[in-house]
Amino acid sequence: MIQETQEAKEFSTNSVQFHQFNIEIDNPIEHLRTPFAQAFEVTSNNNYDHQLYALVFDPKHYQRFDILDIVTQTDFSACVNLYNWDIIEWPNPQSERMVAIFSKPPGMKLMESINDQVAPFTEEHLNKSIIRPIANIIRKCMARGITLRAIRPTNLYSGGHNNYLLGEFISGPPGFQQPAVCETIKSAMAHPSARGPGTIADDLYSLGVTIAILLIGENPLSKLSDDEIIEQKIQLSSYGALLSNHRVSLAMMEPLRGLLMDDPEERWSIKELDFWIDGRRVSPKQSVIIPKAKRNFSFLDKKYNNIRMLCSAFHYNPIKALSDIKSEEFNVWLVRGLGDKKLADKIAQQIAINDLQTDTSTPEKTLTQMCLQLDPTSPIRYKNFNVHIDGIGNALAENFNDSTTRQIIREIINAKLPLSWLSAQKKVRVALSKFLAIYDNIYKYSINNKYGYGLECIVYELNPYHPCQSPLLDNYYTNTPKKILLNLNKLAATSIPQSCPVDRHIAAYIKCRGGSKSSFWLKALNDFNNNQDNAIAIFEFYGYLQNHYHTGPLPHLTKWIYEYSSKNLFQYKSLKRLEFARKQLEKSIGKGCIQDILNITCNKQLTENDSYEYREAKILFLQLNRFIKEINNEQKNINQTSKQLGARFASIVCATISFSSILYVMYRFSF
Amino acid sequence: MSTARTKSIPIFSLSIIALTYFLILPTGVLLTAALLPTFMARIADSHPRRYLTFCIGSLNIAGTLPFTFMLWQGEHTINDALTILSHQYSWLSFYGSSAIGLLIYSLMPSVMRTLRLNQLNSNIKNAETNQKQLIELWGEKILPEHKSDDSKE
């Protein structure tokens with residue numbers, strides 16, 4: 001509440017212009033806001049059929065930007081339509097935000113909370129205002145290869161004339177805002193951020209639950225917790241849990257049984273729903289209940305008669321669970337209680353494999369692998385964090401700043417649990433085969449802690465539209481490599497940060513979005529022997545990006561990189577060369593060409609000459625030192641030396657004089 | 001055997017010198033008196049290279065030589081030799097030249113010391129100037145005690 005007040009204060013009375021739209025930031029719309037975006041009134045110069053509203057997304061959260069283009073190009077009729085989206089300058093706090101303009105639903109939400117009560121819908125009304133329009137939306141989504149994951153009574157708005165509109169479905173991770181009751185058993189078991197985009201079958205299930213709730217006029221499981229809802233659905237099947245205490249007409253029973261089938265293979269497809277809408281009637285499908293054991297298995301003082309609930313309970317005490325799984329009693333329960341000899345053999349085999357392994361496998365990891373064998377269709381359960389194979393990326397993006405969750409996801413990937421989950425699946429599906437290659441690569445990224453790899457890389461690899469989350473770019477919405485450079489340049493224009501211009505997020509983002517060549521420059525960033533090499537690597541990295549993405553001049557970023565690296569950058573040892581290079585640099589920084597700086601500071605020929613001359617100068621300096629030392633020694637012994645030298649010289653002088661005299665005398669006496 | 005042989009050589013030499021001396025007795029008398037400073041210097045000179053002997057001897061010989069020639073140009077008699085020796089200028093020439101030799105020998109180390117010191121000081125100054133120029137050109141990293149990343153090169 002306090003935070004909301006602060007945020008409200010932040011938005012001044014001004015409005016923000018965005019194309020032809022005028023976002024009134026002093027007019028927030030409370031009933032349209034989501035946990036991931038704020039809603040504001042919008043006015044437009046163009047005449048639209050609907051009123052408009054804007055969702056301003058929080059850049060720290062994962063949003064479904066991967067489906068933005070498809071949603072913009074599609075007219076969903078019975079859904080709030082997305083007219084436009086873009087990144088805009090947002091005032092107070094000054095930052096860049098992603099904004100989407102939607103048609104504003106004329107009325108309020110059908111249900112504010114999933115536990116609210118509404119007047120029960122008649123079959124005809126339900127068919128006309130909910131089933132037909134939403135089936136139409138699902139059909140369009142299926143044709144475009146996307147899922148909604150947002151069909152719930154609390155996302156339905158009154159559209160006037162007894163019609164209803166489905167609310168937006170792009171904010172937040174897919175399925176995040178869905179209550180457990182509206183999700184399939186396996187989806188409800190997963191952490192809300194880790195449900196993944198799922199399939200159309202999941203949307204059809206949510207439609208089935210929405211129909212059931214509106215038909216009854218309330219949520220029949222409103223008094224149960226999420227875990228109890230899951231347990232109830234497992235025990236009685238979804239249809240049984242929701243409708244066993246209510247009378248449903250045969251006509252409605254047919255779609256409800258079809259849509260609420262817990263086995264996705266058995267669940268109605270959109271085709272079958274269309275047949276039903278068109279008036280073809282078939283006998284209702286019988287709900288398939290998860291196999292129950294003839295006798296219960298006791299774990300932590302609670303009795304279980306099905307493997308799914310037991311596997312969920314195992315994670316409350318992994319050590320006890322592992323000891324129980326290895327026990328003869330559990331094996332007997334699997335064979336005689338559950339009647340699954342094959343499963344018992346498989347578990348015995350898994351136990352034998354685990355006993356043979358001498359690696360540092362934790363009880364949690366071993367238990368997860370056991371549970372994948374026991375209940376392969378459920379999400380990966382690890383340390384009470386359940387995650388779907390297609391939800392790992394979303395969960396990581398949404399929880400990246402939560403160190404505990406981040407660590408759990410790291411452990412899941414490092415333990416190759418996604419690959420174990422895939423190999424545990426009984427039915428080989430084409431949709432799952434793509435994950436094999438993905439998670440094989442992801443594992444390699446995870447164990448590599450170098451720049452451009454690690455969890456940062458996995459976030460961007462698994463979420464192709466997730467913006468760069470570098471703390472340096474907090475105030476910017478950076479969704480392309482080119483924008484990294486432009487935004488860093490903008491950041492440095494206000495004040496040059498003291499930190500390194502490349503952090504793990506930037507490196508990882510470039511690794512994933514910068515094409516294959518960027519890996520070469522990232523390698524240089526990692527493989528440096530000294531600070532000088534590192535400084536050059538930073539220059540080369542950004543120099544390559546500037547040239548590759550044609551960003552134009554980046555004087556502030558250039559100055560930032562230069563100031564950060566100048567201590568280590570210069571390869572010249574000659575002070576004169578340095579001074580000359582600095583003077584040239586001052587001119588070049590203004591031009592904003594990173595490569596120029598590198599050419600000035602790291603000219604290969606000049607550097608080689610400089611190194612050679614430096615070595616020579618150093619040798620000369622040492623020789624001079626030795627020479628001075630020798631002279632000093634000579635000065636100490638000057639008396640002795642000069643005596644010797646003087647005597648020698650005296651003898652030469654005397655000899656010369658004598659020889660001259662002798663010659664003269666001989667000459668005189670000869671003539 | 002060898003000891004006897006080494007002893008026999010100076011005896012033989014001295015015998016030859018003695019014989020020659022008596023054969024050219026006037027010259028011998030003159031030289032004995034004239035070269036007395038050289039003999040004295042030889043006795044006093046302990047240096048293996050006999051610089052003192054050489055300095056005094058060479059000038060002593062130069063001062064003696066004109067009178068020797070005068071003796072030889074005459075009748076070469078004892079009387080002539082004694083006449084020369086009786087003359088004061090003869091002694092001035094013999095001993096004066098020897099004194100000059102001694103003077104040169106005595107003064108030369110001081111002269112050499114002064115000259116050498118000047119030369120050494122000049123060399124030090126030049127070397128230091130060169131070092132200063134190197135520091136100006138390369139900075140203090142060129143100093144041997146400067147710890148830089150040169151070691152990595």
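Note that this is a predicted model, so its numbers are computed, not measured. Throughout, a chain's letter reflects where its sequence line sits, starting with A, and its residues are numbered from 1.
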Who wins among M112(B), Q131(B), R113(B) for the most heavy-atom pairs under 4.5 Å with chain A?
Q131(B)
Any side-chain heavy atom of K141(B) within less than 4.5 Å of one from L575(A)?
yes
Residue E136(B) versus chain A: region with a heavy atom under 4.5 Å
backbone
Which value, rounded to the nearest 0.5 Å, describes the distance between L624(A) atom CG and N130(B) atom CG?
5.5 Å
Max heavy-atom pairs within cutoff under 4.5 Å with chain A, candidates I104(B), N60(B), I61(B), goes to I104(B)
Counterpart residues, salt bridge (charged side-chain N to carboxylate O under 4.0 Å, His left out), relative to E613(A) (two or more places apart)
R577(A)
So, taking the atom named CG in L120(B) and the one named CD1 in I628(A), what distance separates them when rounded to the nearest 0.5 Å?
12.0 Å
Pairwise distance CD(E630(A)) to CD1(I124(B)) - rounded to 0.5 angstrom
11.0 Å
Check this for me: Q498(A), atom CD, are more than 12 non-hydrogen atoms of other residues, nucleotides or ligands nearer than 6.0 Å?
no
Interface moiety of L622(A) toward chain B, non-hydrogen atoms closer than 4.5 Å:
side chain
Determine the option with the most heavy-atom pairs under 4.5 angstrom with chain A, choosing from L107(B), V111(B), L115(B), N121(B).
N121(B)
Among residues at least two apart in sequence or on other chains, which ones pass salt bridge (charged side-chain N to carboxylate O under 4.0 Å, His left out) with K576(A)?
none
Atom of F627(A), atom of A127(B) and distance for their closest heavy-atom approach:
CD2-CB, 4.0 Å
For F649(A), does the CZ atom have more than 12 heavy-atom neighbours from other residues, nucleotides or ligands under 6.0 Å away?
no
Looking only at heavy atoms, which two atoms of S658(A) and S58(B) are closest? And how far apart?
OG-O, 2.7 Å
Residues of residues 32-57 of chain B within contact distance of chain A, non-hydrogen under 4.5 Å:
H47(B), Y51(B), F54(B), C55(B)
Out of I657(A), N625(A), L645(A), return the one with the most heavy atom pairs under 4.5 angstrom to chain B.
N625(A)
Contact residues of residues 63-89 of chain B (partner chain A; heavy-atom separation under 4.5 angstrom):
L65(B), P66(B), F69(B), M70(B), Q73(B)
Hey, which of I652(A), T641(A), N639(A), N632(A) has the most heavy atom pairs under 4.5 Å with chain B?
N639(A)
Under 4.5 Å, counting heavy-atom pairs only, tell me which of Q644(A), R648(A), K643(A), E579(A) racks up the most with chain B.
R648(A)
Calculate, to the nearest 0.5 Å, the distance between atoms CD1 and CZ belonging to I142(B) and R615(A) respectively.
12.5 Å
Return the CD1 to CG distance between I638(A) and L117(B), rounded to the nearest 0.5 Å.
4.5 Å
Check whether F621(A) gets within reach of chain B through its side chain, its backbone, both or neither, counting any heavy atom under 4.5 Å.
both
